[in-house]
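Shown next, in structure tokens, is the structure this report addresses.
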Amino acid sequence: MHIDYLIYARYCKFMSNSLPLSRRDVIEARLAEGRQIVAAALAAEFNVSEDAVRRDLRALAAEGKCRRVYGGALPLLTPSQPMAARVGQESGRKRALAKAAVAMIEPGEFLFIDSSSTNLAMVDLLPKDLDVTIATNSIDIASAVMKRGDIPLVLIGGAVDPVVGGSVDASAVAAIEAMNIDRCFLGVCAVSARNGISVYEHADAIFKRTLLKRSAARIAPITSEKFHERAPHRIGGADDIDWLVVEDDLPATDEKAAADVGFSLVKASDVASSS
């Protein structure tokens, strides 16, 4: 009887240790792929409490394997994904930001829609009577505009960078230098109070700096996790962008940190409801 109890106790200890380890293995694998970890979603996937997932995340953060953020965790440095891989991810959130971005457009403007999966969502939301012209360096955005068939399109040429999803080489920069853009919508990889707005690719940063200089109004739709991303190539700071369009659930600490260094933030629902 005593032996059976010991065996049972060891079995229970094994199960209690092995299940969290398996869960942590999954978390580590996803972090290695550059994916955000959402505690609520992972809890539902493994049929455990969010507290259990948060304990896993705390342990991984203590080991230096992730960075804790509101609602989950992020990789220490997220590897850049090709544009084709980003299209379709978190589509509901991106559509909400895109709707707000479209509400900021004035009739008759010459727009530049920078390569970005969030910006791509703007194309289908543009009213038919807005009378705008769109310039873009993005293959996917240009294709979406062409499918509509009712908006004049200027496609910036050059060598296509598969990560960016468009052209950002010297010929693309030269084309932007010759434009007078009323309003640009910038694709951004990371935002921080300390480092400003940044991207992963060096050529992309040069292209975007030129885009900001040639644009009268400069707007960047930003998903909340980008306030906790890091990217090596800085585009600019608060003085270089007019508006950050952010999600409604952006943590107050992130919002305050950005506002304190001069960024102008507007919640997506506030823009959409006022249009």
Side-chain angles (χ1 to χ4, degrees), residues 78 80 83 86-87 89-90 93-106 109-123 125-126 134-138 140-141 163-166 168 176 181-201 204-251 254-272 275:
T78 305
S80 54
M83 172 73 166
R86 300 194 305 272
V87 172
Q89 294 180 352
E90 304 289 353
R93 296 169 58 200
K94 293 175 181 178
R95 186 176 176 85
L97 289 171
K99 183 178 179 181
V102 166
M104 302 175 82
I105 297 171
E106 297 292 337
E109 287 187 325
F110 179 40
L111 308 174
F112 192 96
I113 303 183
D114 188 25
S115 186
S116 156
S117 55
T118 299
N119 289 350
L120 173 61
M122 293 175 59
V123 176
L125 297 173
L126 289 165
I134 291 177
T136 186
N137 61 329
S138 164
D140 290 307
I141 291 172
V163 172
V164 175
V168 292
I176 295 298
I181 300 164
D182 292 317
R183 193 179 304 268
C184 80
F185 295 91
L186 195 70
V188 173
C189 300
V191 181
S192 79
R194 178 178 179 181
N195 298 320
I197 50 178
S198 306
V199 292
Y200 293 115
E201 304 295 317
D204 193 24
I206 294 172
F207 177 86
K208 292 181 194 302
R209 289 186 209 117
T210 306
L211 179 58
L212 291 176
K213 290 176 184 176
R214 300 304 307 162
S215 301
R218 304 152 301 178
I219 299 163
I222 308 289
T223 51
S224 296
E225 65 269 13
K226 291 184 179 180
F227 284 85
H228 296 273
E229 298 283 4
R230 291 186 300 164
H233 302 291
R234 187 175 187 271
I235 304 168
D239 292 339
D240 300 303
I241 198 91
D242 296 301
W243 292 101
L244 298 180
V245 182
V246 301
E247 296 186 272
D248 294 343
D249 63 353
L250 179 69
D254 293 332
E255 183 177 359
K256 183 178 185 303
D260 284 348
V261 297
F263 281 109
S264 297
L265 291 80
V266 59
K267 296 287 183 71
S269 63
D270 293 340
V271 180
S275 62

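As a basis for the values below, the full set of heavy atoms in this structure was taken, side chains included, without hydrogen atoms, waters or symmetry mates.
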Inset, instruction - Determine the minimum heavy-atom distance between N119 and P221, stating which atoms define it. - result: OD1-CG, 3.6 Å

Could you tabulate the donor-acceptor pairs under 3.5 Å formed by side-chain atoms of residues 256-265, not counting sequence neighbours?
from, atom 1, to, atom 2, distance (Å)
K256, NZ, D260, OD2, 2.7

Legend entry - Distance-minimising heavy-atom pair for E229 and A190: O-CB, 3.6 Å

Legend entry - Sole candidate of T136, L186, I141 that passes side chain to side chain contact (heavy atoms under 4.5 Å, CB included) when paired with D114: L186

Inset, instruction - Quick one: pull up NZ in K94 and OG1 in T118 and give me the separation to the nearest 0.5 Å. - result: 5.0 Å

Legend entry - Note, V199 side chain near K208 side chain (heavy atom, < 4.5 Å): yes

Legend entry - Approximate separation, where rounding is to 0.5 Å, of M122 CE and M104 CE: 10.0 Å

Inset, instruction - Report yes or no: does S138 contribute a side-chain atom to a donor-acceptor pair with the main-chain N or O of G166 at less than 3.5 Å? - result: no

Inset, instruction - Would you give the length of the straight line joining atom CG of L120 to atom CD1 of I113, rounded to the nearest 0.5 angstrom? - result: 9.0 Å

Legend entry - Interatomic distance, S192 atom OG to K226 atom NZ [nearest 0.5 angstrom]: 14.0 Å

Legend entry - Heavy-atom closest contact (S198 atom, V188 atom, distance): O-CG1, 3.8 Å

Legend entry - Side-chain touch I235/L212, heavy atoms, less than 4.5 angstrom: yes

Legend entry - Closest non-hydrogen atom pair, I134 against L126: CD1-CD1, 3.5 Å

Inset, instruction - Look at the side chain of D240 and the backbone N and O of G237, then say whether any donor-acceptor pair between them is shorter than 3.5 Å. - result: yes

Legend entry - Which atom of L97 lies closest to which atom of E247, heavy atoms considered: CD2-N, 3.8 Å

Inset, instruction - Step by step, work out the side chain to side chain contact (heavy atoms under 4.5 Å, CB included) result for V168 and E201. - result: CA-CA 10 Å; V168 292; E201 304 295 317; over 6 Å; no

Inset, instruction - Decide yes or no on side chain to side chain contact (heavy atoms under 4.5 Å, CB included) for I105 and F185, but give the supporting numbers first. - result: CA-CA 10 Å; I105 297 171; F185 295 91; 3.6 Å; yes

Legend entry - Note, V164 side chain near F207 side chain (heavy atom, < 4.5 Å): no

Inset, instruction - Calculate, to the nearest 0.5 Å, the distance between atoms OG and CG belonging to S117 and D140 respectively. - result: 9.5 Å

Inset, instruction - Measure the CG-CZ distance between L211 and F112 for me, rounded to the nearest 0.5 Å. - result: 5.5 Å

Inset, instruction - Could you walk me through whether D249 and S224 pass the side chain to side chain contact (heavy atoms under 4.5 Å, CB included) test, one step at a time? - result: CA-CA 8 Å; D249 63 353; S224 296; 3.4 Å; yes

Legend entry - Donor-acceptor pair, side chain of T223 and main chain of E225, under 3.5 angstrom: no

Inset, instruction - Answer yes or no: is there a side-chain heavy-atom contact under 4.5 Å between V246 and E255? - result: no

Inset, instruction - Go through I219 and V245 one step at a time and tell me if the side chain to side chain contact (heavy atoms under 4.5 Å, CB included) criterion holds. - result: CA-CA 7 Å; I219 299 163; V245 182; 3.7 Å; yes

Legend entry - Cationic N near anionic O, under 4.0 Å, D242 to R218: yes

Legend entry - Backbone of S269 reached by a side-chain donor or acceptor of D248 within 3.5 Å: yes

Inset, instruction - Work out which heavy atom in L125 is nearest to a heavy atom in K99; give both atom names and the distance. - result: CD1-N, 3.6 Å

